[in-house]
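Notes for the one structure printed next.
This structure is a prediction, so every number in the text was calculated from the model and none was measured. Chain naming here is simple, since letters A, B, ... match the order of the sequence lines and numbering starts at 1 in each. Atom set for the values below is all heavy atoms of this structure, side chains included, hydrogens, waters and symmetry mates excluded.
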Amino acid sequence: MELDVVDLSRLQFAMTALYHFLFVPLTLGLSVLLAVMETVYVMTGRRIWRQMTKFWGTLFGINFVLGVSTGLVMEFQFGMNWSYYSHYVGDIFGAPLAIEGLMAFFLEATFVGLFFFGWDKLSKVGHLIATWAVALGSNFSALWILIANGWMQNPIGSAFNPQTMRMEITDFFAVVTNPVAQAKFVHTVSAGYVTAAIFVLGVSAWYLLKGRHVEIAKRSMTVAASFGLAASLSVVVLGDESGYLTTEHQKMKLAAIEAMWETEPAPAAFTVFGLPSQQDRETHYAVQIPWALGLIATRSLDTVVPGITELVAQAEKRIESGLIAFDALQKIRAAGSSTNIPAEVKQAFEDHGADLGYALLLKRHADDPRNATPEQIAAAAWDTVPHVPTLFWSFRIMVGLGMFFIALTATFFYLSARRTLDRYRPLLWVAVLAIPLPWIAAELGWIVAEFGRQPWIIEGVLPTAAAVSSLGAGTVLMTIIGFAALYTVLIVIEMALMLRAIRKGPEPDDAPEATLIPENLVAAE
Amino acid sequence: MILHTLIDYDTLRVIWWLLLGVLLIGFAVMDGFDLGTDMLLPFVARCDIERRVVINSIGPVWEGNQVWLILGGGAIFAAWPPLYAVSFSGFYLAMFAILFALILRPVGFKYRSKRDSRLWRASWDWALFIGGLVPALVMGVAVGNVLQGVPFHLNNDLRIFYDGTTLIELLNPFGLLCGLLSVAMLVMHGAGWLVLKTSGEVAERSRTAGSVAAMLTIALFALGGLWLGAGIDGYAITSPILEGGPSNPLAKTVALAPGAWLANYDAHPWMLAGPALGFVGALGSLALLRARVELGALLMSALSVFGIIATVGLSMFPFILPSSVDPRSSLTVWDASSSHLTLFIMLVATAIFLPIIAAYTTWVYRVLWGKVEPREIERDGSHAY
């Protein structure tokens with residue numbers, strides 16, 4: 001298969017984003033857990049909580065540096081590989097990224113140094129403030145990056161400017177309060193909390209199985225189970241499908257996730273199992289639960305969830321409307337100064353400008369979209385369907401894992417309340433083996449959200465294929481190989497250091513407590 | 001929103017040109033001493049504990065310092081989207097080299113001392129050296145190429161095309177000179193930091209290295225200035241500038257002229273303050289290193305970094321990225337910014353957050369004040385680098 005620069009650029013972006021997202025969820029969640037543990041230390045004065053904060057902090061640090069490193073690549077990649085995208089939407093997309101730096105990264109990165117190096121230089125409360133600043137900073141950064149990402153999914157508060165040939169901001173408040181962004185923020189941050197909770201739970205379970213660091217492990221599990229239960233409930237209940245009915249393509253994403261080819265009368269059935277086929281445009285061997293999808297997706301009994309075929313028909317109409325806008329745009333540019341533009345051309349662009357991006361979908365099929373044949377228009381309309389089997393399965397595995405996390409954290413929450421955390425060895429083994437699962441769920445979540453956004457880079461505004469830099473395929477291939485080699489070496493080293501630090505366990509406290517604290521005095525969380 | 005019309009579009013553009021300078025200088029001053037320290041690591045520190053002292057001197061602060069680069073990237077994206085799009089993709093392989101080196105750096109800091117093996121630690125020390133040298137060198141080379149004009153052009157859709165910006169082509173004599181200047185300048189700055197934060201042998205070796213680097217900085221900066229005036233064509237806008245015009249570079253005409261990069265200094269002699277500070281800072285750093293005024297030497301090298309980077313910006317104003325193959329595609333302050341509203345919103349955000357950042361950064365440096373001692377590192381166990 002011959003890969004062109006678009007495919008290669010997408011591959012490189014996906015690779016970096018998926019890799020970056022191996023580190024981010026743990027940073028998000030563990031930073032909060034560290035802050036919680038240290039708060040307990042400051043409030044109770046029990047040094048075991050300081051020891052816990054330091055131990056989990058060591059693991060946090062090993063993970064954190066790779067998140068920082070790859071975050072830089074993420075930010076630079078837009079300009080490097082997606083320069084037309086950067087020009088076309090930088091006016092809107094750049095602002096949240098810059099604010100992320102101002103508000104979040106500085107806070108997180110400046111105080112993370114004090115977290116590690118400030119134990120002896122700061123008062124108890126001073127150090128606690130540093131730890132909370134790190135947690136706050138990393139969570140703020142999730143907010144702003146998801147405001148940027150939410151705009152790619154639901155580009156509101158902006159308009160195309162023919163003079164500068166780009167999208168420009170019209171309503172910043174709308175961009176910040178984008179409902180898709182808000183839903184994504186809650187969902188993503190909760191997913192990070194689940195990841196950290198399961199990580200802490202699993203590592204602590206391993207200590208209990210080995211009979212090591214029992215006191216620290218039990219307390220850590222208590223914190224992790226309660227935090228994890230709340231987070232996993234939130235991640236499933238407040239899944240980001242709540243945003244999936246806001247725009248055409250979000251509806252398309254939902255229809256693809258459900259492999260729902262035809263619109264069904266409300267409330268639609270939920271397909272638990274099936275083999276969707278992109279080619280046959282149907283789902284073989286479907287097993288369905290009546291009503292369930294309609295209830296989940298619309299929270300109502302009578303809202304219709306549109307199917308893929310109907311959405312493709314709508315896309316075809318928008319392409320035709322987009323062609324009028326495209327034609328008007330060429331005339332506006334030919335006219336030169338704005339006074340020379342005929343009134344009807346101005347009107348046509350005003351009426352159809354919102355569909356301009358749909359005309360650009362034709363660029364793959366015809367050099368000048370205006371010369372496209374009806375067959376080419378129909379083909380471009382079908383291009384708006386993302387790869388259904390990938391979305392169908394990614395979503396189901398992700399949701400299945402989410403349910404499992406609820407069950408797991410609820411079980412340990414119960415055991416912790418009964419003070420029987422170490423009684424059931426098989427359960428402890430389940431917790432250990434569950435450690436990688438949140439990462440799988442998080443990566444699948446990225447695939448559903450971003451792979452499901454295709455063929456758009458900005459939904460309805462700019463197709464991915466039009467957004468790349470004019471680079472040679474060989475150049476991009478070279479950097480893919482370079483990054484892949486570096487990422488592979490670093491993840492191997494990272495995992496080895498993590499395992500080493502876990503095997504080594506918490507360091508003995510330098511100032512042991514005067515009195516031994518009985519197990520039944522563990523602070524309730 | 002109509003609030004943004006309080007400040008007119010062109011004024012905002014000039015403010016954002018200044019802020020671009022503030023952010024780039026902020027990066028070069030704050031992360032610059034980290035990069036300089038990385039470059040000095042294998043030379044001023046010989047045994048393991050010395051190396052750990054050097055690494056731990058920047059251990060608690062490099063993460064915050066590196067955010068200046070992230071913020072710089074983000075702010076260019078937000079305020080100067082065409083600049084972000086053209087420079088990051090045009091210098092694609094150079095950017096890749098920088099990223100590759102910068103990825104090694106954090107990992108090197110964090111992972112180096114986690115194992116006892118000599119080979120492990122020596123490998124990371126050299127990774128850190130590369131992590132300091134490559135960004136310093138490549139960024140300098142890139143600036144040298146920007147001053148000569150970059151071979152790109154824009155088509156009518158404002159899509160960007162490049163006519164040869166491979167790494168080899170970037171490494172032309174003037175580009176290399178600027179690269180070396182950047183390395184010398186940051187080594188001088190890093191040495192100033194190490195003299196302040198370490199003691200004994202390491203500080204002595206840093207003092208010597210810093211003095212040599214300061215002299216090189218002065219020589220290379222002077223040479224670069226002469227070369228810029230005599231051997232490199234500058235650019236000038238030859239069409240009337242539309243007041244508050246749209247950000248579309250293709251609306252103007254541009255001509256190349258020998259010595260045009262020095263024209264601003266004739267028109268506005270106060271701008272000579274830029275190059276003057278570049279020299280004064282480096283000389284001051286040299287003198288104060290000798291006189292053992294530690295903090296003073298570091299502040300002087302920061303002043304030199306400020307002056308040298310300001311000189312580049314002032315020489316080129318209003319150009320920010322000239323095109324050598326299609327001069328009218330050149331990006332200038334008047335036609336490469338984001339919209340009026342975005343510039344205003346970003347100014348508000350910066351005005352709110354930059355002072356807060358300055359306040360807590362100052363607090364952190366005060367908490368960490370003082371020299372890094374070997375026994376401190378040994379006591380700190382796994383938390384020290």
Ignoring hydrogens and angles, tell me if any N or O in the side chain of [X] forms a donor-acceptor pair with the backbone of [Y] under 3.5 Å.
X	Y	result
R166(A)	P81(B)	no
R500(A)	K114(B)	yes
T164(A)	S247(B)	no
E75(A)	G74(B)	yes
R159(B)	S470(A)	no

I need the residue from [options] with the largest number of non-hydrogen atom pairs under 4.5 Å to chain A.
options	result
P82(B), A75(B), G73(B), G72(B)	G73(B)
I357(B), L368(B), L83(B)	I357(B)
S87(B), G59(B), G245(B)	G59(B)
N248(B), D157(B), I98(B)	D157(B)
W62(B), F109(B), W80(B), W68(B)	W68(B)
A349(B), A78(B), P60(B)	P60(B)

To check you understand the geometry: which heavy-atom pair defines the closest contact between [X] and [Y], and what is its length?
X	Y	result
Y84(B)	S86(A)	CE2-OG, 3.5 Å
Y162(B)	S469(A)	OH-CB, 4.1 Å
Y111(B)	I62(A)	OH-O, 2.8 Å
G482(A)	F100(B)	O-CE1, 3.7 Å

Side chain from CB out, backbone as N, CA, C, O: work out which of these in [X] comes under 4.5 Å of a heavy atom of chain A, or both, or neither.
X	value
L104(B)	side chain
R115(B)	both
W369(B)	neither
N156(B)	both
T350(B)	both
V61(B)	neither
M95(B)	both

Look at atom CG of D368(A) and say whether more than 12 heavy atoms of other residues, nucleotides or ligands are closer to it than 6.0 Å.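 Result for CG/D368(A): enclosed.
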Among T16(A), V73(A), T70(A), find the one that has a side-chain contact (heavy atoms from CB on, under 4.5 Å) with L99(B). V73(A)
Enter the distance from [X]:[atom1] to [Y]:[atom2] here, rounded to the nearest 0.5 Å.
X	Y	atom1	atom2	value
I169(A)	L341(B)	CD1	CG	6.0 Å
L69(B)	L72(A)	CG	CG	5.0 Å
Y92(B)	M80(A)	OH	CE	5.0 Å
M165(A)	L158(B)	CE	CG	6.5 Å
E63(B)	L114(A)	CD	CG	11.0 Å
F117(A)	N56(B)	CZ	CG	4.5 Å

Atom group of [X] that falls short of 4.5 Å from chain B, counting heavy atoms:
X	answer
L102(A)	both
E100(A)	neither
V468(A)	backbone
Q163(A)	both

Going by the angle between their ring planes, with limits at 30° and 60°, are F77(B) and F78(A) parallel, tilted or perpendicular? tilted
Would you call the rings of F483(A) and F96(B) parallel, tilted or perpendicular, where under 30° means parallel and over 60° means perpendicular? perpendicular
Out of [options], which one racks up the most heavy-atom pairs below 4.5 Å with chain B?
options	result
A133(A), G101(A), G118(A), A98(A)	A98(A)
T479(A), V112(A), L490(A)	T479(A)
A466(A), G126(A), S69(A)	S69(A)
N161(A), I92(A), L66(A), I493(A)	I493(A)
F93(A), W82(A), Y88(A), F105(A)	F105(A)
V68(A), L97(A), T475(A), V89(A)	T475(A)

Kindly state whether the ring of Y360(B) and the ring of F111(A) have centres lying under 6.0 angstrom apart. yes
Hey, are the side chains of L107(A) and F353(B) touching, using non-hydrogen atoms and a 4.5 Å cut-off?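 They are not in side-chain contact.
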